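Structure first, then comments.
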Amino acid sequence: MADLGINLAGIRSPNPFWLASAPPTNTGYQVQRAFEAGWGGAVWKTLGDPIINTSSRFAAVHFGGRRVAGFNNIELITDRPLEVNLKEIYETKKRFPNHAVVASLMVEPKREKWHEIVKRVEAIGVDGLELNFGCPHGMAERGMGAASGQQPDLVEMQTYWVKEAATTPVIVKLTPNITDITVVARHAVKGGADAISLINTINSLAGVDIYSWNTIPHVAGKGAHGGYCGPAVKPIALNMVAECARHPEVGVPVSGIGGISSWQDAVEFMLMGATGVQICTAAMHHGFRIVEEMIDGLNNYLDEMGLASVAELVGRSVEKYSTWGDLDLNYKVVARINTETCINCNKCHIACEDTSHQCIERKTNAEGKEILVVREEDCVGCNLCSIVCPVDGAIDMVEIDEGLAPMSWNQRQKALAALNEAEMGVV
Ligand SMILES: Cc1cc2nc3c(=O)[nH]c(=O)nc-3n(C[C@H](O)[C@H](O)[C@H](O)COP(=O)(O)O)c2cc1C
């Protein structure tokens, strides 16, 4: 069996699956049950001055018959007194000394406020701190959460204040509601962050009831923007994790969050540079026991891949993720339809005819059967037909070797510039 243990900037846990700071980590009862179920760590529901929550606060986007493709909430940080949370964190850590218990913190951007909460939380023996500069609603209107996280200087300064007082590793949790996540990540690192975690939720409105005209959710007929998470946000989160992982000035461990629902999702985040992952919506949708399948799946996968530890996965795809200018413009794939498997539903033909490059033809074969055939010389390899095809294996995208040397846009520009210079007699 492979070693599933992780060490995120000094915070160790028996496996890479942590519960993210959210309703599943609200109390000691919940976190202890989660650890019993197999979760390797938990980031406690964000601590700070207790707030009052609204009644009616979650909504979901169901898509194509699947429940909870996306999840939306207008919940704030903990509504429980700090002393109660601290007592339960202490008890949890005592019962589960080898599991990671991280305290998520959010206070006003004042040095003494950060020092005070850091000292109180570390006194009861947490393994690390996560600074919540990410929640996009409610707390942001009070100058905290995403309102802090959208100002790189404030992130840097508050991280610095925390580091002045902290003795345990400090993770800075980033908001995705920003143009370039690496700017804030770099400022967090400048402030002394030992690690970063991302993403928190994305500004969103789950929907509008077209008969009552109320927002979804609404509170007595009024709505406010919420935070979006769940499977729908995974591609956004994965890109942001990869952008941070490959940025030379970030260079600290990453805890990947956003839409992770399976061991395969977790592996993707780790391949893109995350040391471990945090999960919220999937646990809220399916309960704590989903972690059993995640652990089994990851174990089997590592064995299948011949890897001795989960750490061997971290970052293995990062160098494959570059910029568009580095992509080989001479690489060519074309669609090939497998007539045996194809059910002749015509979806590929319509997609190609109406919205792509008009290169899938209907023909009658020698046995008089109608078949779909790709005119390969006109196919640009966009993948659309294979995406809309409802049958696995009916359309393959096949590489065509045209005997050309690799040539990216960047290489092409360089070659052209050199040619120009030569023509002008510079060289
Ligand atoms: C209802 C709800 C409450 C949340 N509360 C917090 C919070 O208190 N602190 C925090 O840092 N993130 C909070 N989050 C964000 C999650 O920790 C996580 O970043 C986000 O949900 C993305 O992960 P997911 O797609 O697995 O849900 C909350 C999310 C939800 C759905």
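Fair warning: this is a prediction, and the values are worked out from it, not measured in the lab. Both ligands and their constituent atoms are indexed starting at 1 by order of listing.
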Exercise. Under 3.5 Å, N or O to N or O, is Gly230 touching ligand 1 that way?
Worked result: yes
Seminar exercise, completed: side-chain hydrogen bond (donor to acceptor under 3.5 Å, both in side chains) with Trp44: of Thr78, Asn85, Thr27, Asn26, only one passes, and it is Asn85
Seminar exercise, completed: In ligand 1, the atoms that come under 4.0 Å of a heavy atom of Phe58 are 1 (C)
Exercise. Charged N to carboxylate O under 4.0 angstrom, Glu75 versus Lys45?
Worked result: yes
Problem set entry | Residues Asn132 and Thr46: side-chain donor-acceptor under 3.5 angstrom | yes
For this session: Determine whether the side chain, the backbone, both or neither of Arg57 has a heavy atom under 4.0 Å from any heavy atom of ligand 1.
Result: neither
Cut-off 3.5 Å, no hydrogens considered: what does the side-chain donor-acceptor table look like for residues 387-401, sequence neighbours left out?
residue: Asp396; atom: OD2; partner: Asn338; partner atom: ND2; Å: 3.2
residue: Asp401; atom: OD1; partner: Gly403; partner atom: N; Å: 2.8

Problem set entry | Element-labelled atoms of ligand 1 that are located less than 4.0 Å from some non-hydrogen atom of Thr46 | 7 (C), 8 (O), 9 (N), 10 (C), 11 (O)
Exercise. With a cut-off of 4.0 Å, which atoms of ligand 1 are near a heavy atom of Ala20?
Worked result: 17 (O)
Problem set entry | Heavy-atom neighbours of Lys163 NZ exceed 12 at 6.0 Å | yes
Problem set entry | Ala282 N/O to ligand 1 N/O under 3.5 Å | no
Seminar exercise, completed: Going by the 4.0 angstrom heavy-atom rule, the piece of Ile199 near ligand 1 is backbone
For this session: Below 4.0 angstrom from a heavy atom of Gly259, which ligand 1 atoms are there? Numbered from 1 as shown, please.
Result: 24 (P), 25 (O), 26 (O)
Exercise. Atoms of ligand 1 less than 4.0 Å from Phe71 heavy atoms?
Worked result: 31 (C)
Seminar exercise, completed: At under 4.0 Å between heavy atoms, what of Thr281 touches ligand 1? The answer is both
What donor-acceptor contacts under 3.5 angstrom involve side-chain atoms of residues 289-299, with partners at least two apart or in another chain?
residue: Arg289; atom: NE; partner: Glu292; partner atom: OE2; Å: 3.0
residue: Arg289; atom: NH2; partner: Glu292; partner atom: OE1; Å: 3.3

Exercise. Using 4.0 Å as the upper bound for N to carboxylate O, is an ion pair formed by Glu36 and Arg95?
Worked result: yes
For this session: Give the atoms of ligand 1, by number and element, whose distance to some non-hydrogen atom of Glu75 is under 4.0 Å.
Result: 3 (C)
Seminar exercise, completed: Candidates Ser197, Pro23, Ala237; heavy atom nearest atom 3 (C) of ligand 1 found on Pro23
Problem set entry | Which segment of Asn200 sits under 4.0 Å of ligand 1 when only heavy atoms are counted | both
Exercise. Can Glu130 and Ser197 be counted as having a side-chain donor-acceptor contact under 3.5 angstrom?
Worked result: yes
For this session: Please work out whether any backbone atom (N, CA, C, O) or any side-chain heavy atom from C-beta onward of Lys173 is under 4.0 Å from ligand 1, and answer side chain, backbone, both or neither.
Result: side chain
Seminar exercise, completed: For Lys45, the atoms of ligand 1 under 4.0 Å from one of its heavy atoms are 3 (C), 4 (C), 5 (N), 6 (C), 7 (C), 8 (O)
For this session: Pull out every atom of ligand 1 sitting under 4.0 Å from any heavy atom of Ile257, numbered as shown with elements.
Result: 18 (C), 19 (O), 22 (C), 23 (O)
For this session: Before accepting this row, confirm whether a basic side-chain N of the pair Lys110/Glu112 lies closer than 4.0 Å to the acidic partner's carboxylate O.
Result: no
Problem set entry | Structural part of Asn73 in contact with ligand 1, heavy atom criterion under 4.0 angstrom | side chain
Problem set entry | Test item: side-chain donor near acceptor, Arg186 and His247, under 3.5 Å | yes
Exercise. Taking N or O atoms only and a 3.5 Å limit, does Asn132 qualify as a polar contact for ligand 1?
Worked result: yes
Problem set entry | Cys229 to Thr281 - nearest heavy-atom pair and separation | SG-OG1, 3.2 Å
